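Please read the structure below before turning to the comments.
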Amino acid sequence: MLRLFDTVHGEVRALRQREEGRLTMYVCGPTVYDLPHLGHGRFTLVWDVARRWFVYRGLQVRFVSNITDIDDNIIARAQRDGVPEAEVCATYEDAWWRAMSAIGVARPDDVPHATAYVDEMVALISSFLERGVAYPTSDGIYFDVSRVADYGLLAGQPLDSLRAGARVEANDEKRSPLDFALWKFNKVNEPFWPAAFGDGRPGWHTECVVMSLGLLGDGFDLHCGGFDLKFPHHENERAQAVAWGRPFAQHWGHNGWVMVGEQKMSKSLGNFTSLTDMLERTDARAYRLLVLRSHYRSPIEVSPTTIADAERGLARLDALARRFDLPALAGDSFVTQADHSFSGAALELATSVSLALDDDLNAPLAVAELFEALSRANALADSGEESEARAVAEAIAVLFAAMGLVLDGASDDIDAAAAALVIARDQARSDKNWAEADRVRDELLTLGWVVEDSSSGTTIRRP
RNA sequence: GGCGGCGUGGCCGAGCGGUUAGGCAGGGGCCUGCAAAGCCCCGUAGUCCGGUUCGACUCCGGACGCCGCCUCCA
């Protein structure tokens, strides 16, 4: 049984499905006004792993994640760069999908764009105004949080204590500092949509509630995002759903953030590294492995040291794939356990990995077991037990693929010159001409190849 | 001030009331002509102070330290 920590109840509990065998999940996506950073990489990887694992375990998953393409930050960026808002969105949405593709995050089943749902948002806000749940001020329409009895459910504290902690509010027209903008009236030179209550643009919290309920329907199963979205974003989405009279997400999942030194990586602190930059100097799979090696609810340290650490681990996995000539699985497609049957040691491995991941996505434990199995597979092969070894190695590849990590055992393209050197070295070795063999090896190393000998002769590969 | 989380060996990072986490780095060994890759062995950690217990890294209490949310943020 799949179990997952639920933020509302503060405990790991069964992940139920509204409809048996089908899981509906919504993950809050990015606002496209800048390059994605490592934090975006982490949350997308975490929930991509979750999605893939649920699919592996036999669920039919409908995964929805939005693109926020209207927002104050986008307007500010457009004005700064002197280009239309739509161009800012197009540029950074493109960068987003490139990065997602690079880190192997599968495309959501649906990618709603906020601007395509403005009519629905306007209708919802009108109904809130009619019922007195929302009220206008000089700059927009606000939601009256006092109208939702259990406001603060996700924050884990009652309205009063939230209000007590609220920082000084610039807008004294708001009835409560916690009231949030459903709609912002446009200023000069700002994009707007027409509305009876005043032209303008929707607030962020309204976008997600309309899109998630619109695509997944009442009482969908799982709503995810970073911990920092818990409050106020998710709280406010939920408040609107309550006021709307529609059952909302049944289970809430939140992931931990990326730390830089002792601080959270964030836009406001400016201490972020863009995912795009990192991918230029790192195998994207190393970042996935790094993410998998800590629990999704814990903060992760991303530094040159931890990335290098993951890269070396990855190198061992790839070496296994080369040794057993394992096929590359996953990537754009999903792996399901129904497509694989294991027995013996491979079955034991699959079982313990499943137990780990079924229990609140304990990927670090699963990875530990897989690395243990990696040593076992090599040891079996070293002692000549080829078929046993192969069975374990294949299971390792399948189980990593179930978490979206593709092992790369492909051989590199070897040019004619290098191929000739390999032949020369094999000749020298069989002649026991060690000086010549070493000279040829040095030459290969100089050309950037890693040289490995085996009983069947010299093999070379790129580092 | 309110709420939540964390403190594990050189580094990263899990589970568990008593039996090995795992990875990286380091040391020793096997294999190898020498390497590389691979395998085996090794350090035997748990912020501090109390308590519960036959026994605590694991439960309870306290102290200290750190991080986060309460404002846009994944």
Side-chain angles (χ1 to χ4, degrees), chain A residues 7 10 27-31 36-44 46-47 71-73 76 152 154-158 160-170 177-178 180 204 224-233 235 254-259 262-269 272 289-290 293-295 297-303 305-316 319-320 322-323 356 359 362-383 429 432-435 437-438 441 445 450-455 458-461:
Chain A
T7 306
V27 179
C28 286
T31 300
H37 61 66
L38 297 183
H40 295 107
R42 158 105 119 156
F43 96 78
T44 51
V46 162
W47 300 114
D71 166 89
D72 291 1
N73 288 310
L154 276 162
Q157 32 183 345
D160 287 349
S161 75
L162 282 168
R163 188 181 284 132
R167 292 165 218 184
V168 181
E169 179 59 55
L178 297 169
F180 57 91
W204 181 40
C224 310
F227 265 123
D228 45 1
L229 295 190
K230 187 167 69 169
F231 190 91
H233 183 56
E235 187 75 53
H254 291 98
N255 61 277
W257 31 69
V258 171
M259 303 294 287
E262 299 280 87
Q263 274 187 321
K264 174 193 170 195
M265 175 175 290
S266 75
K267 295 296 282 190
S268 48
L269 288 169
F272 57 91
L289 184 58
L290 179 58
R293 287 209 297 205
S294 66
H295 190 91
R297 286 190 281 121
S298 302
I300 52 169
E301 188 79 33
V302 181
S303 68
T305 310
T306 59
I307 289 176
D309 192 286
E311 282 180 317
R312 290 189 202 99
L314 185 63
R316 287 185 65 200
L320 183 84
R322 277 196 304 277
R323 181 171 192 173
D359 182 18
N362 193 338
L365 181 57
V367 169
E369 278 157 1
L370 287 162
F371 268 90
E372 240 176 326
L374 166 83
S375 294
R376 219 178 309 136
N378 277 316
L380 284 166
D382 284 352
S383 62
R429 289 184 66 225
K432 300 201 188 307
N433 183 349
W434 308 129
D438 289 350
R441 177 167 58 196
L445 292 174
V450 174
V451 180
E452 292 174 357
D453 293 344
S454 73
S455 52
T458 294
T459 60
I460 59 172
R461 63 182 171 87

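Just so it is clear, the structure is predicted and the values come from calculations on it, not from any experiment. Computed from heavy atoms alone, side chains included, the values below leave out hydrogens, waters and symmetry copies. Letters A, B, ... mirror the listed sequences (proteins, then strands); counts begin at 1.
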*Rounded to whole angstroms, how far apart are CG on A:Asp228 and C1' on B:A74?*
5 Å

*Between B:C49 and B:G17, how far is it from one P atom to the other, in whole Å?*
24 Å

_Length of the line joining A:Arg293:CZ and B:C12:P, which is rounded to integer Å_ = 13 Å

*In terms of the nearest nucleotide of RNA chain B, which residue is placed more toward the 5' end: A:Gly29 or A:Leu290?*
A:Leu290

_As a test of reading the structure: which of B:G38, B:C72, B:C3 is closest to the side chain of A:Asp382, going by heavy atoms?_
B:G38

*Does any N or O in the side chain of A:Thr44 come within less than 3.5 Å of the main-chain N or O of A:His40, such that one atom is a donor and the other an acceptor?*
yes

*asked:* Using a 4.0 Å heavy-atom cut-off, does A:Asn362 contact any base of the nucleic acid, only the sugar-phosphate backbone, or nothing at all?
replied: sugar-phosphate

_Pair A:Asp382-A:Arg323, salt bridge (Lys or Arg N to Asp or Glu O under 4.0 Å): steps then yes or no_ = CA-CA 11 Å; A:Asp382 284 352; A:Arg323 181 171 192 173; 2.6 Å; yes

*What distance, rounded to whole Å, do you find between the two C1' atoms, one in B:U53 and one in B:G43?*
30 Å

*If you round to the nearest 0.5 Å, how far is CD of A:Glu452 from CZ of A:Arg441?*
11.5 Å

_Selection from B:A35, B:C67, B:A21 that lies nearest to any side-chain heavy atom of A:Trp257_ = B:C67

_Nearest-angstrom distance from the residue atom NZ of A:Lys432 to C1' of B:U32_ = 12 Å

_So A:His295, base contact, sugar-phosphate only, or nothing? Heavy-atom distance under 4.0 Å._
sugar-phosphate

_Side chain of A:Ala437 - closest among B:A35, B:G33, B:A21_ = B:G33

*Kindly point out which of B:C39, B:A74, B:A25 is positioned nearest to the side chain of A:Arg312?*
B:A25

*Under the criteria of a ring-centre distance below 5.5 Å and an interplanar angle below 30°, is A:Trp434 stacked with the base of B:G33?*
yes

*Select base, sugar-phosphate, or nothing to describe what A:Gly152 touches, counting heavy atoms under 4.0 Å on all strands.*
nothing

*List in chain and number order the residues that pass ring pair (Phe, Tyr, Trp, His ring centres under 6.0 Å) with A:Trp47, two or more places apart in sequence or in another chain; answer none if no residue qualifies.*
A:Tyr296

*Over how many whole Å does the gap from A:Arg441 atom CZ to B:G33 atom P extend?*
12 Å

*asked:* Using whole Å, what does the distance between atom P of nucleotide B:C31 and atom CD of A:Glu452 come to?
replied: 19 Å

_Classify A:Val46 by what it touches in the nucleic acid, base, sugar-phosphate, or nothing, heavy-atom distance under 4.0 Å._
nothing

*Using a heavy-atom cut-off of under 4.0 Å over every strand shown, decide if A:Gly165 touches base, sugar-phosphate, or nothing.*
base

*B:G33 base to A:Asp438 side chain: any donor-acceptor pair below 3.5 Å?*
yes

*If only side-chain N and O atoms of A:Ser161 are considered, is one of them under 4.0 Å from the OP1 or OP2 phosphate oxygen of B:C3?*
no

*When you get a sec, tell me which of B:C72, B:G38, B:A14 is the closest nucleotide to the side chain of A:Leu365?*
B:A14

*Which base, if any, makes a Watson-Crick or G-U wobble pair with B:A21, both distances under 3.5 Å?*
none

*Quick one: list whatever passes ring pair (Phe, Tyr, Trp, His ring centres under 6.0 Å) with A:His295, sequence neighbours left out.*
none

*asked:* What contact category does A:Gly225 fall into here, base, sugar-phosphate, or nothing, at under 4.0 angstrom with non-hydrogen atoms?
replied: sugar-phosphate

_Among B:A74, B:G38, B:C34, which nucleotide has an atom closest to any side-chain atom of A:His40?_
B:A74

*Between B:G23, B:C39, B:C12, which nucleotide has the shortest distance from any of its atoms to the side chain of A:Phe371?*
B:G23

*Looking for any heavy atom pair under 4.0 Å, which part of the strands does A:Ser298 touch: base, sugar-phosphate only, or nothing?*
sugar-phosphate

*Considering only atom C1', compute the distance from B:G13 to B:G46 and round it to an integer number of Å.*
13 Å

*asked:* Taking only the P atom of each, what is the distance from B:C31 to B:C40 in whole angstrom?
replied: 15 Å

*asked:* Categorize A:Ser266 for me: base, sugar-phosphate, or nothing, with a 4.0 angstrom heavy-atom threshold over every strand shown.
replied: base

*For B:C6, which nucleotide is its Watson-Crick or G-U wobble mate, given both distances must be under 3.5 Å?*
B:G65

*Report yes if at least one side-chain N or O of A:Lys264 is closer than 4.0 Å to OP1 or OP2 of B:C69; otherwise report no.*
yes

*How many angstroms lie between CD in A:Gln263 and CE in A:Met265, if you round to the nearest 0.5 Å?*
11.0 Å

*Let me know the distance between CD1 of A:Ile300 and C1' of B:C11, rounded to the nearest Å.*
16 Å

*asked:* Please report the distance separating the C1' of B:U52 from the corresponding atom of B:G4, rounded so that it comes out in whole Å.
replied: 27 Å

*Parallel, tilted or perpendicular: which fits the ring planes of A:Phe272 and A:His37, with parallel below 30° and perpendicular above 60°?*
tilted

*Grab the CE-P distance between A:Met259 and B:A74 for me, whole Å please.*
17 Å

*B:U8 and B:C16: how far apart are their C1' atoms, nearest whole angstrom?*
13 Å

*Whole-Å distance between B:A14 P and A:Glu301 CD?*
12 Å

*Grab the two heavy atoms, one from A:Phe231 and one from A:Ala155, that are nearest each other, plus how far apart they are.*
CD1-CB, 3.4 Å

_Is it the case that B:C70 (base atoms only) and A:Arg163 (side chain only) share a donor and an acceptor within less than 3.5 Å, ignoring hydrogens and angles?_
no

*NZ of A:Lys230 to CG of A:Leu154: how many Å apart, nearest 0.5 Å?*
8.0 Å

*A:Ser454 near the nucleic acid: base, sugar-phosphate alone, or nothing, with a heavy-atom cut-off under 4.0 Å?*
nothing

_Return the pairing partner of B:G43 with a 3.5 Å limit on both distances, Watson-Crick or G-U wobble; otherwise return none._
none

_Sugar-phosphate, base or nothing in reach of A:Asp453, heavy atoms under 4.0 Å_ = base

*Integer angstrom distance from the C1' of B:U58 to that of B:U32*: 45 Å

*asked:* Between B:C3 and B:G15, how many Å separate the two C1' atoms, rounded to a whole number?
replied: 28 Å

*Closest nucleotide of RNA chain B for A:Arg297 versus for A:Arg316: which of these residues is on the 5' side?*
A:Arg297

*Within the structure, does a side-chain N or O atom of A:Asn378 lie under 4.0 Å from either OP1 or OP2 of B:C39?*
yes

